Chemist: 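Questions regarding the structure given below will be posed in turn.
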2 protein chains.
Amino acid sequence: MIKPRSRRGGGRPTIADVARKAGVGAITVSRALREPERVSEDLRRQIQAAVNELGYVPDPNARALASARADVFGVLVPSLTNNVFAEVVRGIYDSLSDGPFRVQLGNTHYSGLEEERLLQVFGPQRPAALIVAGIDQTPTARKLLETAGCPVVQVMETGPDPVDMLVGFSHLDGGRTATEHLIEAGYRRIGFIGARMDPRSQRRLAGYRAAMEAAGLFDARLVTTTPVPSSVTLGRELFRDALAKAPTLDGVFCNNDDIALGVLFECHRAAISVPRTIGIVGFNDLDMMQSAFPSITSIRTYRYEIGRRSVAMALAAIAGKRPEQRVVDLGFELIRRESTAR
Amino acid sequence: MIKPRSRRGGGRPTIADVARKAGVGAITVSRALREPERVSEDLRRQIQAAVNELGYVPDPNARALASARADVFGVLVPSLTNNVFAEVVRGIYDSLSDGPFRVQLGNTHYSGLEEERLLQVFGPQRPAALIVAGIDQTPTARKLLETAGCPVVQVMETGPDPVDMLVGFSHLDGGRTATEHLIEAGYRRIGFIGARMDPRSQRRLAGYRAAMEAAGLFDARLVTTTPVPSSVTLGRELFRDALAKAPTLDGVFCNNDDIALGVLFECHRAAISVPRTIGIVGFNDLDMMQSAFPSITSIRTYRYEIGRRSVAMALAAIAGKRPEQRVVDLGFELIRRESTAR
DNA sequence: TTGTACGCGTTATCAC
DNA sequence: GTGATAACGCGTACAA
């Protein structure tokens, strides 16, 4: 008696089952599913019928093994809870939800070593594309990206020398624009308050410094930074520190909106008038900036759009169309509000 | 001249290469890597040497195909940008970063149908475990979870009838506790302000209602809800609506902290005294609640810990140890602050 | 403890 | 346009 070929798997229908039922070869079923235009109308219908009847679903693992390509986008961000990256990730997901691609998300915790590790985990999977935050990879990480054998999109920055493609904006220009706005509004003793101080924060600080020096206003005592992760509460503390160091402070450009909100709350608590005594500018323009009282001036950035664009570029590259421009600068916008309306 | 067996793949070393170099069978290499204790000391060392020399890395796709199991945790959340779920996801990632498991994250957009679709995408991958937010799956989704053939952990809620395992807390009790606190603080015309109104918000509302009815204070005009996604700005608008409907309002229990912050800002703008004229309670206790001015009373929940616990339970189940308690209630805590200190 | 033979479900290759 | 055959790289089953 012949054992009915005991399936190790869960007994789901395979491509062979569909082929048998449709009276065609397995490869034709495979083609009908992936490149329908290369299979005749007739067979396509028969195959589709068999697929529906059997409830056949291709095995992604088998497909990945055979084709040496997984339908996976590897995505690396420094933080999952930072709203800024969450928005980028959301843009990526929304752009991918239609197609066959899955997303594999990695959290680097702002660590270059962790990024290397994750890249080493992603590589053997043979992802269809890689999207990574930032341009400050370690040499090792950069080499891993260059040899990944798939399109790579770096996001959230701009610059001259991407691994492959790049979409974002200039943090340096953003920092400069924010600072220049404060100067034009009449503030003079303008502080910089920054937490985390990752590479993007560093560039914003550089923009701040450039603007202050150009105006002859730079003073190292006006700069307050910490590697500690950003939070509203930390913003309050740093503002107190800044005031202690520079009692004549009359404005602050904050690393990000959480810090800015903390500064605002501390001003409330200390009965410091905003924008009269202190002007405040944030960065990213989270929703709450417009609703705060007073509303807070901020640099609006297009995180969601960056996510979408990164996918569009990767998809184009996968389709063989290398985009005309490998570096896309989506810019930013200064949103003037009450916190600097002196 | 013999072509050196052109590899379709990228020519990376395979397990066979390692086996040859170490002078053992391929299966022994496989075992040495997955269950070292079942291979003799000697061979293990030889194999490890060969692995290092060749730079061998197992192909996860081939492994998944052969074993009918992918080292993947499927995770389904309704939102990527909502800090609450971002924290759960972070807990999951942090708990998984040591081991061999990758994470595949899906965004259901608060949609049962989207959840079904994602479950259908995850299924064929044969994930090692599934973690999903909530207990309100559609019948179809629930069936998919039950037949997934892997441990399933539902998170962020508690209840009597999990698909498999469940870790979270009671939103109904949370809503009741928040409301009772306002009542005890002396507020009487206490409103409920809720956005999105997903199942968890509905249960918080039910808790609010229970408390208000128990105190003989319930009045339908005090309830203001909308299906619109939550935001600080929306909180301001809803509060204005609530005041228009119930001018004698003297307190609000907010769906979440974003709404609560919006209410606070609107009070500032309208020169309404908090907590004297209006008491405010939020939900989740985000960092900014403690720094707001005045600081805002909230229900602290343990999102990160829920993420970690869910992984721990799944891992235990994978290891064959069905945990003694399939339902874990991590509770919550009322954090009293200035916004209700009348 | 180690190895042999084979299967996992699909796609690439090349012939028809 | 369609199909037979041979990988893809690894793990399972079973034997030794």
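Remember, predicted model here, so these are calculated numbers, not experimental data. Each chain gets a letter, A, B and so on, in the order the sequences are listed, and its residues count up from 1.
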Chemist: If you check every side-chain atom of A:Ser30, which of D:dC10, C:dG9, C:dT11 has the closest atom?
Modeler: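 It is C:dT11.
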Chemist: Please list, one pair per line, the donor and acceptor atoms closer than 3.5 Å that link side chains of residues 303-313 of chain A to other protein atoms, with sequence neighbours excluded.
Modeler:
residue  : atom : partner  : partner atom : Å
A:Arg303 : NH1  : A:Asn284 : O            : 2.6
A:Arg303 : NH1  : A:Thr301 : O            : 3.1
A:Arg303 : NH1  : A:Thr301 : OG1          : 3.1
A:Tyr304 : OH   : A:Asp94  : OD2          : 2.7
A:Tyr304 : OH   : A:Arg308 : NH1          : 3.1
A:Arg308 : NE   : A:Ser95  : OG           : 3.3
A:Ser310 : OG   : A:Ile306 : O            : 3.4
A:Ser310 : OG   : A:Gly307 : O            : 2.7

Chemist: Using a cut-off of strictly less than 4.0 Å between a heavy atom of the residue and any atom of DNA chain D, enumerate the qualifying residues of residues 48-59 of chain A by number.
Modeler: none
Chemist: State whether A:Thr28 places a side-chain N or O below 4.0 Å from either non-bridging phosphate oxygen (OP1 or OP2) of D:dG3.
Modeler: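 Answer is yes, contact under 4.0 Å.
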Chemist: Quick one: A:Asn61 CG to C:dT10 P, roughly how many Å, whole number?
Modeler: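 Going from A:Asn61 (CG) to C:dT10 (P), I get 10 Å.
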Chemist: What is the distance from CZ of B:Arg63 to P of D:dC8, rounded to the nearest Å?
Modeler: 19 Å
Chemist: Tell me the interatomic distance from B:Ile47, atom CD1, to C:dT1, atom P, rounded to whole angstroms.
Modeler: 14 Å
Chemist: Closest to the B:Ile27 side chain: C:dG3, C:dG9, D:dA4?
Modeler: C:dG3
Chemist: Considering only residues two or more places apart or on different chains, which pairs with a residue in residues 99-114 of chain B satisfy salt bridge (charged side-chain N to carboxylate O under 4.0 Å, His left out)?
Modeler: B:Glu114-B:Arg117
Chemist: Rounded to whole angstroms, how far apart are CG on A:Leu65 and P on C:dG9?
Modeler: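 After rounding, the gap between these two atoms is 12 Å.
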Chemist: side-chain contact (heavy atoms from CB on, under 4.5 Å) between A:Leu80 and A:Leu105: does it pass, once the steps are laid out?
Modeler: CA-CA 9 Å; A:Leu80 265 20; A:Leu105 192 57; 4.1 Å; yes
Chemist: With sequence neighbours left out, which residue pairs that include part of residues 135-149 of chain B fulfil the salt bridge (charged side-chain N to carboxylate O under 4.0 Å, His left out) condition?
Modeler: B:Asp136-B:Arg203, B:Arg142-B:Glu146, B:Arg142-B:Asp161
Chemist: Tell me which residues in residues 31-43 of chain B lie within less than 4.0 Å of DNA chain C, going by non-hydrogen atoms.
Modeler: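 Per residue number, the list reads B:Arg31, B:Val39, B:Ser40, B:Leu43.
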Chemist: Separation of B:Arg12 atom CZ from D:dC10 atom C1', in whole Å?
Modeler: 12 Å
Chemist: Pair B:Ser30, B:Arg34 - check side chain to side chain donor-acceptor pair (under 3.5 Å), show working.
Modeler: CA-CA 6 Å; B:Ser30 176; B:Arg34 291 174 302 129; 3.0 Å; yes
Chemist: Rounded to whole angstrom units, what separation is found between the CZ atom of A:Arg126 and the P atom of C:dA12?
Modeler: 13 Å
Chemist: Would you kindly give the CD1-to-C1' distance between B:Ile15 and C:dT2, to the nearest whole Å?
Modeler: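 Checked: the CD1 to C1' distance equals 14 Å.
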Chemist: Taking A:Arg69 for its side chain and A:Pro127 for its backbone only, find out whether a donor-acceptor pair lies under 3.5 Å.
Modeler: yes
Chemist: Using the side chain to side chain contact (heavy atoms under 4.5 Å, CB included) criterion, which residues pair with A:Ile318? Sequence neighbours excluded.
Modeler: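 Scan of A:Ile318 (side chain to side chain contact (heavy atoms under 4.5 Å, CB included), adjacent residues dropped) gives A:Phe73, A:Phe101, A:Ala128, A:Ala129, A:Pro151, A:Leu315.
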Chemist: May I ask you to decide if A:Gln137's main-chain N or O and A:Glu115's side chain share a donor-acceptor pair within less than 3.5 Å?
Modeler: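 The answer is no, because no donor-acceptor pair under 3.5 Å joins these two groups.
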Chemist: Donor-acceptor pair, A:Asn82 side chain versus A:Ser79 backbone, under 3.5 Å?
Modeler: no
